[in-house]
Amino acid sequence: MRIATWNVNSIRARADRIEAWLDRSDVDVLAIQETKAKDENFPWELFEFAGYEVAHFGVNQWNGVAIASRVGLKDVERTFPDQPTFGKPGQEPAQEARAIAATCDGVRIWSLYVPNGRGLEDPHMPYKLEWLRVLEGHARQWVQDDPDAQIALVGDWNVAPRDEDVWDIQLFKDGGYTHVSEPERAAFNAFVEDAGYQDVVRPRHPGPGVYTYWDYTQLRFPKKEGMRIDFQLCSPALAARVTDAWIDRDERKGKGASDHAPVVIEID
DNA sequence: ATGTCCCTTGGTAAGGGA
C-alpha cells in the first residue's frame with residue numbers, strides 16, 4: 001500500500017495538479033491538508049472520477065483536511081478527542097478543521113494540519129503546543145493499548161525538528177522565527193521519544209538540504225531554500241512494514257504548484 | 001528575471017493567513 005501526504009494549499013486552485021498527480025503517483029491513500037474549502041465547495045467529483053473515496057473536513061476558508069482512498073475508507077473521525085480550540089482575542093474559541101482520520105486497508109490514518117504558531121510570543125504558539133501535546137497523549141495511549149496498532153500520523157507539522165531542516169538555521173534563530181524553537185521541537189519529538197512513533201522518511205532521505213516546503217516568496221524553491229516540515233510518523237508495528245519512502249520534489253516545480261511537495265511511503 | 005499565492009467580502013481593492 002502506498003500512502004501520501006500533501007499540503008495542497010487550496011484544493012480548488014490545485015484541482016488539475018492533484019488530478020494529474022493521482023494519475024501518475026499510483027497512491028492508494030492521499031492525506032490532504034489546507035483544502036481551504038467548506039464541504040459545499042469541495043471538488044468531490046475529482047476524486048470520484050479518479051477512483052477514490054474521499055472524506056473532507058472543512059468549516060470555512062481556512063485549514064481544511066481530507067483523506068482520499070482507493071482501498072477503503074472506514075470510521076471517519078473529525079477532530080481528535082479534546083482537540084484544543086482557538087479564537088483571536090475577543091472572539092469565541094472554535095474547533096478548527098485540522099484533523100481527520102479514517103481506516104484504510106487496516107491502517108488508521110490521521111491527516112493533520114498542525115497550527116502554525118505565527119510568532120514565538122503570539123497566542124497561536126501556546127495553541128500549537130497544546131494541540132500537539134493533547135494529540136501526543138492520544139497517540140501514546142493508542143500504541144500502549146495495542147502494540148500492534150497500525151497508525152500513521154501524517155501531514156504538515158509546522159515544525160522543523162533539526163537545524164538542518166531549514167536552509168539557514170542562523171537566520172531563523174537570529175530572527176526569532178517559529179518552527180525551530182525548543183518548545184516546538186520538544187512537542188514534536190515527544191511523538192518519537194515518548195510515544196514511539198517513527199519518522200520513516202528521514203532515514204531513507206537524510207539531510208541536509210532535504211525539504212518538503214519552499215516559500216512562494218524570495219525565489220525559495222529555485223534557490224533550494226526550503227524546510228522539512230511535512231512528516232509521516234508511523235506506529236512501531238506500521239513502521240516495521242515500510243519498504244520505501246520519498247519526497248516528490250518535482251511536484252513543487254512549474255506554474256501552479258503548491259508550496260509543499262507530497263511525501264510518500266510504501267508499505268508491504 | 002522575478003514584489004508570492006490563495007481566500008473572502010454588500011467586492012471590483014483590501015485584509016487575513018501562510
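Residue numbering restarts at 1 for every chain, and letters A, B, ... go by the order of the sequence lines. Note that this is a predicted model, so its numbers are computed, not measured.
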**Q.** Check ion pair A:D199-A:R202 (N to O, under 4.0 angstrom)
**A.** yes
Q) Any salt bridge between A:R70 and A:D26, counting N to O under 4.0 Å? A) yes
Q | DNA chain B contacts made by residues 208-232 of chain A, counting heavy atoms under 4.0 Å | A | A:Y216, A:T217, A:L219
All N/O contacts under 3.5 Å from nucleotides 7-9 of chain B to the protein, with atom names and distances to one decimal?
unit_1 : atom_1 : unit_2 : atom_2 : d
B:dC7  : OP1    : A:S10  : OG     : 2.6
B:dT8  : OP1    : A:R12  : NH2    : 3.3

Q | Pair A:D163 + A:K173, salt bridge at N-O below 4.0 Å | A | yes
Q. When you compare B:dG3 with B:dC7, how far apart are their P atoms, in angstrom units rounded to a whole number?
A. 23 Å
Q) Between B:dT2 atom P and A:K255 atom NZ, what is the distance in whole Å? A) 17 Å
Q.
Counting only heavy atoms and a strict 4.0 angstrom limit, can you tell me which residues of residues 111-126 of chain A come near DNA chain B?
A. A:Y113, A:N116, A:R118
Q. Would you call A:R133-A:E136 a salt bridge at under 4.0 Å N-O?
A. no
Q) Quick one: do A:D268 and A:R241 make a salt bridge, cutoff under 4.0 Å? A) yes
(Q) Looking at A:Y211, I'd like to know if the NZ or CZ of A:R228 sits under 6.0 Å from its six-membered ring centre while staying within 45 degrees of the ring's axis. (A) no
Q. Are A:F231 and A:Y197 in one and the same hydrophobic cluster, where Ile, Leu, Val, Met, Phe, Trp and Tyr link if side-chain heavy atoms are under 4.5 Å apart?
A. yes
**Q.** Interatomic distance at P, B:dG16 relative to B:dG10, whole Å
**A.** 15 Å
Q: Among A:K223, A:K224, A:E225, find the residue that satisfies the side chain to side chain contact (heavy atoms under 4.5 Å, CB included) test when tested with A:W167.
A: A:E225
Q: Just say parallel, tilted or perpendicular for the rings of A:F42 and A:F47, cut-offs at 30° and 60°.
A: parallel
(Q) Looking at A:R24 and A:E251, is any side-chain nitrogen of the basic one under 4.0 Å from a carboxylate oxygen of the acidic one? (A) yes
Q) Between A:N63 and A:R14, which has a closest nucleotide on DNA chain B that is more 5'? A) A:R14
